[in-house]
Amino acid sequence: MGHSGRFTVLDDYTFKWADGRMALALGLGSLFNHSEQPNVSYVLDRSTESIRYTTVRDIAPDEELCIFYGHNLWFEPAGVSEKAASPSELDAEDGWGGLSAVGESADSVPSQEESPFEKGDPDEVIPEEELPFTRFKLPPEEEDLDSIRTVEAWVVDIPDPRHITTMLKWLKQAGLETPDLGHLKRIRKTNETATLLIATLAVSPTSPFTPVDLDLPPPYTVLVPSAPALTPISLKLKSTFWPTLFTPPRKGEAEEWTRGQAHWAWQAMKTVIAAAHDARSRGEVIVIQSAIHLLLDSLEL
């Protein structure tokens, strides 16, 4: 990684780092072709100076994997018409939830339409048909082992049970007690050894540094359920991965949304769309993980 590739043949294969350096991806990283509707996104991991590629939708057999190079292209993209396609002509399943059609011009400005939920009693319940979103219907409950959805997470064994309380305090002080693992128990006890669930790889891409004075073994990764158990069968299966909480749903009851919550959702999407327009004007592509951090940083929850 450095500046030596500039103005050479390698310049067409490099990624621009935030501090002005250029990175050349090894392996297959520099072989992705460009697409206006990419099926692969990527994020520059500054902590490890690496590039992480992730598919954004299901990939068909023999389908080429492509990324988005940006708007300042040095070539004419194959198969791109001079006439921009209308939203109805675009493939709805473009890997970006249809957002690849938002702001076709780099100079376009996102709508500044005000939230219709800003005024009024913030505790008023909003009717379902007036909500600014469509509810996501949960997939069939995970009741066979192959259907259990999991994420990779860091854990550490604690041989001495007297250190459990200390490690739980450390977890909170280190800012690793995040809600994404709230559906799981933090401690798993197997025989005479306790194991602490630290954080997902999304929260901590690299191995966390545990307190040196406790002389613990190094953390390692395991697969843990990504959601709570909704049925007794699911609870039994998920607990084979990691002790999971049982939260049966209330039948026939949809969660109510207040005016204040609907206003938050409206403003949140405006923030993400504005950031996406800004990123696109700079030849970048906003990714979901960045959008989530952006919301948490910019909105008062």
Side-chain angles (χ1 to χ4, degrees), residues 1-2 15 17-21 23 25-27 29 41-54 142 145 148-229 234-247 287-301:
M1 182 180 297
F15 295 78
W17 223 254
D19 57 6
R21 292 181 297 165
L26 302 179
S41 67
Y42 63 89
V43 59
L44 307 180
D45 190 339
R46 296 178 179 84
S47 62
T48 60
E49 294 200 336
S50 62
I51 304 172
R52 185 165 61 252
Y53 299 90
T54 307
E142 306 151 286
L145 199 58
I148 302 297
R149 299 183 295 275
T150 59
V151 295
E152 201 168 0
W154 291 103
V155 300
V156 63
D157 293 331
I158 307 176
D160 190 341
R162 294 175 299 178
H163 293 157
I164 293 178
T165 301
T166 302
M167 286 300 295
L168 289 173
K169 291 181 180 178
W170 165 82
L171 193 71
K172 189 172 184 178
Q173 294 171 350
L176 297 175
E177 196 177 44
T178 52
D180 58 336
L181 294 177
H183 59 285
L184 302 173
K185 296 182 179 180
R186 282 292 177 174
I187 297 293
R188 179 183 66 184
K189 293 185 178 180
T190 306
N191 298 326
E192 297 180 357
T193 301
T195 304
L196 172 68
L197 178 62
I198 301 177
T200 63
L201 266 68
V203 173
S204 179
T206 57
S207 178
F209 292 100
T210 55
V212 179
D213 57 323
L214 298 185
D215 195 25
L216 298 176
Y220 58 95
T221 60
V222 298
L223 293 176
V224 299
S226 60
S234 176
L235 175 64
K236 184 177 180 179
L237 292 174
K238 290 188 174 186
S239 294
T240 62
F241 290 89
W242 192 271
T244 306
L245 298 183
F246 181 43
T247 58
V287 296
I288 293 298
Q289 185 177 358
S290 299
I292 292 174
H293 287 300
L294 179 67
L295 291 181
L296 294 177
D297 292 341
S298 62
L299 298 176
E300 293 182 6
L301 303 180

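Because the structure is predicted, anything quoted here is derived from the model rather than measured.
Judged by distance alone, with hydrogens and angles left aside, the side-chain atoms of Trp154 form a donor-acceptor pair with the main-chain N or O of Ser204 at under 3.5 Å. Without hydrogens or angle criteria, His183 side chain to Pro225 main chain gives a donor-acceptor distance under 3.5 Å.
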Self-check item: Trace of the side chain to side chain contact (heavy atoms under 4.5 Å, CB included) decision for Thr193 with Ile158
Solution: CA-CA 6 Å; Thr193 301; Ile158 307 176; over 6 Å; no

Exercise. List the steps and the verdict of side chain to side chain contact (heavy atoms under 4.5 Å, CB included) for Leu145 and Thr240.
Key: CA-CA 9 Å; Leu145 199 58; Thr240 62; 4.2 Å; yes

Practice problem: List the steps and the verdict of side chain to side chain contact (heavy atoms under 4.5 Å, CB included) for Glu152 and Leu223. | Solution: CA-CA 5 Å; Glu152 201 168 0; Leu223 293 176; 4.3 Å; yes

Quiz prompt | Stepwise side chain to side chain contact (heavy atoms under 4.5 Å, CB included) test for Thr195 and Thr190 | solution = CA-CA 8 Å; Thr195 304; Thr190 306; 5.5 Å; no

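Here the closest heavy-atom approach between residue Arg186 and residue Trp242 is recorded as O-CZ2, 3.9 Å.
In this structure, the separation between CG on Leu168 and CG on Leu196 is 6.0 Å, given to the nearest 0.5 Å. Atoms CZ and CG, on Phe246 and Leu235 in that order, are 6.5 Å from each other to the nearest 0.5 Å. Within the model, atoms CG of Leu201 and CZ of Arg52 stand 8.5 Å from one another, a figure rounded to the nearest 0.5 Å.
Screening residues 156-165 for salt bridge (Lys or Arg N to Asp or Glu O under 4.0 Å) gives Asp160-Arg162 as the qualifying pairs, with residues at least two apart or on separate chains.
The shortest side-chain heavy-atom distance between Pro159 and Leu216 falls under the 4.5 Å cut-off.
Partners of Pro211 by side chain to side chain contact (heavy atoms under 4.5 Å, CB included), not counting sequence neighbours, listed by chain and number: Met167, Trp170, Asp213, Leu214.
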